[in-house]
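Input: a single structure, listed below in structure tokens.
To find a chain, count down the sequence lines: A is the first, B the second, and so on, and within it residues start at 1. Every heavy atom of this structure was used, including side-chain atoms; hydrogens, water molecules and symmetry mates were not.
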Amino acid sequence: MAEQITPRSVDYSRWYTDVVRQAELADYAPVKGCMIIRPYGYALWENIKAGLDRRFKETGHVNAYFPLFIPMSFIEKEAEHVSGFAPELAVVTHGGGKRLEEPLAVRPTSETIIGHAYAQWIRSYRDLPVLINQWCNVVRWEMRTRLFLRTSEFLWQEGHTAHATAEEAIEETLRMLGVYADFAINDAAIPVIQGKKSEREKFAGAVDSYTIEAMMGNGWALQSGTSHFLGQNFARAFDIKFLDQNNELQYVWTTSWGLSTRMIGGIIMTHGDDQGLILPPVLAPIQVVIVPIWRSEEERTNVLEAAGRAKAQLAAAGVRVKVDDREEVSPGFKFNDWEMRGVPVRMEIGPRDVTRNTVVLARRDRPGKEGKTFDVPADGVAEAVKALLAEVQAALLQRATEFRQANTHTGIRNYEEFKEVLAEKGGFLRVHWAGTGEDEDRIKEETKATIRCYPLEVEEGPGRCFYTGRETERVAIFARAY
RNA sequence: CGGGGUGUAGCUCAGUUCGGUAGAGCGCUCGGUUUGGGACCGAGAGGCUUCGGCGGUUCGAAUCCGCCCACCCCGACCA
């Protein structure tokens, strides 16, 4: 492809957009802020879905589907919820050519309509817990959009659970946060920090919000999934009550948790390089691409035959494999093309390999000759490939973890230092924090950095808040965020 | 919503200053030579009289004027 990808160092956000479009993950739609998810991008989403859905089922959840349209009055029932979401609602006022008696919100999230259903379904403590997830689209009228990271419409899953006690609901909230972290780390190879959101950053209507925060290639943070303890806020708003074992009427305790197509943006910005995408093998739609190389007709026949055998062997071993037998482009073109698309392992088979009964393996995470292994025996190659895929998966996680470590700054003593480090180095600023919400607002205004989370794992012990100078045990991570 | 920018071939854009009847590169199609790191040569198709839309000025508008629309960038905003 003659089109070039803008180098990351030149313009990170153009690099991102170039990768998304040239790797054919997504395209702009005719409507502002909307995107078309192309087959390659959707295949990636399907693999994300599969990895999460399996984990949801393993933790006892079932899938269901609730409607796209929500009566406006529902949204208005929970005070914080309406003030948080009203500005970004898409509202349907007409249907069938007539003005509707009550406008319908296109769901920005489904706590309200699901709360309405739960109020009808839940009567007794024996009905609890309710553990439901749905896969769907939601719409939020965002001012400024970016492919995958923030679009007016996006795909996600939203889990909604109801419990008899606060303890149980909190346990569920943290369990699902752990599920997200497990998925991010082991499937997406994205090291994430589990933490709690500050009051300023929490979900509209939640008691507590938890998040997994990832660091992107430019040092910015990406909120990659959230899990909320909703207390009894929605139970009271929607009258979700049950009779407990003492025959007393109680409000349920609810949670909600979501992870969206934004994760795709996170994968791109965690692993990608100037050649384009690098996909973690567990999620890659194509794990191995076979590029056959030939000159003569005879070589062509032999090479394609060998490629076919290798493909069959890999497919039988459960590897997602594709043979690129296009005749109109050269092998060199194909190498670059598949590197741009992030395929983790490439297998080259040429005339020399056919005579020796070998193949060449190249790993995407190490560019050029360094990542190539020659003379790999063709017999039993599936085992070698599977080992290499696992190696690439581990290497990606390790590289991202080291990058995050190198760009996480500690020991910041005062606000001046804070500003200096943020401006010069960027990344995560891990600090002791005893400030107020107003302090947080001021810092955001002056530096654009926000509290990404209070990490759940803290080994620092008590220390002095860099902003207020007060002693505190609380640790916060500040960063610029998407 | 404020500031800036752009709408011309599938894509990237030139042509607008100073009105004269639409171009280039890439891509695409066909043929041939190529193929172990982004190949080359030749021929060709492609713009509903058409340049985002509507209206105006003019013998004549992609070009000048007015209004509108869309998208992009920067802000404000944003689980």
Mate of [N] where both pairing distances stay under 3.5 Å, Watson-Crick or G-U:
N     : answer
B:G75 : B:C1
B:U6  : B:A70
B:G42 : B:C30
B:A61 : none
B:G47 : none
B:C13 : B:G23

Enumerate all atom pairs, one protein N or O and one N or O from nucleotides 77-79 of chain B, separated by less than 3.5 Å.
residue	atom	partner	partner atom	Å
B:C78	O2'	A:E88	OE1	3.4
B:C78	O2	A:R150	NE	2.9
B:C78	O2	A:R150	NH2	3.0
B:A79	O3'	A:E201	O	2.5
B:A79	O2'	A:Q223	NE2	2.7
B:A79	N7	A:R140	NH1	2.1
B:A79	N7	A:R140	NH2	2.4
B:A79	N6	A:R140	NH1	3.1
B:A79	N6	A:R140	NH2	2.4
B:A79	N3	A:Q223	NE2	3.4

[atom1] gap between [N] and [M], integer Å:
N     : M     : atom1 : value
B:A14 : B:G7  : P     : 7 Å
B:C48 : B:A22 : C1'   : 16 Å
B:G66 : B:C18 : P     : 15 Å
B:C59 : B:G15 : P     : 29 Å
B:G52 : B:U8  : P     : 6 Å
B:U6  : B:A24 : P     : 24 Å
B:U21 : B:G25 : C1'   : 24 Å
B:U34 : B:G23 : C1'   : 31 Å

How long is the line joining [atom1] of [X] and [atom2] of [N], in whole Å?
X      : N     : atom1 : atom2 : result
A:R352 : B:U35 : CZ    : P     : 13 Å
A:D324 : B:G38 : CG    : P     : 15 Å
A:D274 : B:G37 : CG    : P     : 21 Å
A:D337 : B:A39 : CG    : C1'   : 15 Å
A:E327 : B:U35 : CD    : C1'   : 11 Å
A:D11  : B:C73 : CG    : C1'   : 10 Å
A:D18  : B:C11 : CG    : P     : 16 Å
A:L304 : B:U35 : CG    : P     : 16 Å

* Asked: Which of residues 284-298 of chain A have a heavy atom under 4.0 Å from RNA chain B?
  ->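 Those residues whose heavy atoms fall under 4.0 Å from RNA chain B, taken from residues 284-298 of chain A in numerical order, are A:I293, A:W294, A:R295.
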Would you call [X] and [Y] a salt bridge, taking side-chain N to carboxylate O under 4.0 Å as the test?
X      : Y      : answer
A:R356 : A:D375 : yes
A:R442 : A:E438 : no
A:R346 : A:E339 : yes
A:R55  : A:D187 : yes
A:E440 : A:K444 : no
A:K202 : A:E199 : yes
A:D365 : A:R399 : no

* Does NZ or CZ of A:R236 fall inside the cone over A:W253's six-membered ring, less than 6.0 Å from its centre and within 45° of the axis? ->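 No, a cation-pi geometry is absent between A:R236 and A:W253.
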* Heavy atoms under 4.0 Å, any strand shown: does A:E328 hit a base, just sugar-phosphate, or nothing? ->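 It contacts nothing in the nucleic acid.
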* Asked: Checking all strands, does A:R300 fall into the base, sugar-phosphate, or nothing category for heavy-atom contacts under 4.0 angstrom?
  ->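 Answer is nothing: A:R300 stays at 4.0 Å or more from every strand.
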* Donor-acceptor pair present, A:E339 side chain and B:G37 base, under 3.5 Å ->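 Between B:G37 and A:E339, which were checked side chain against base, a qualifying N/O pair under 3.5 Å is present.
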* Partner of A:V343 under side chain to side chain contact (heavy atoms under 4.5 Å, CB included), chosen from A:V289, A:V321, A:D337 ->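 So, applying the side chain to side chain contact (heavy atoms under 4.5 Å, CB included) to A:V343 and each of A:V289, A:V321, A:D337, only A:V289 qualifies.
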* Asked: Picking from A:T59, A:L259, A:I212, what satisfies side chain to side chain contact (heavy atoms under 4.5 Å, CB included) with A:V179?
  ->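 So, applying the side chain to side chain contact (heavy atoms under 4.5 Å, CB included) to A:V179 and each of A:T59, A:L259, A:I212, only A:T59 qualifies.
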* Do any side-chain nitrogens or oxygens of A:K448 fall under 4.0 Å of OP1 or OP2 in B:G75? ->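 Yes, because at least one side-chain N or O of A:K448 sits under 4.0 Å from OP1 or OP2 of B:G75.
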* If each of A:S13 and A:S330 is mapped to the nucleotide of RNA chain B with the nearest heavy atom, which maps nearer the 5' terminus, i.e. the 5' end? ->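 Final value for this comparison: A:S330.
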* To do: For a salt bridge (charged side-chain N to carboxylate O under 4.0 Å, His left out) with A:E213, tell me which candidate from A:R452, A:R404, A:K196, A:R430 qualifies.
  =>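 Of the listed options, the one satisfying the test is A:R452.
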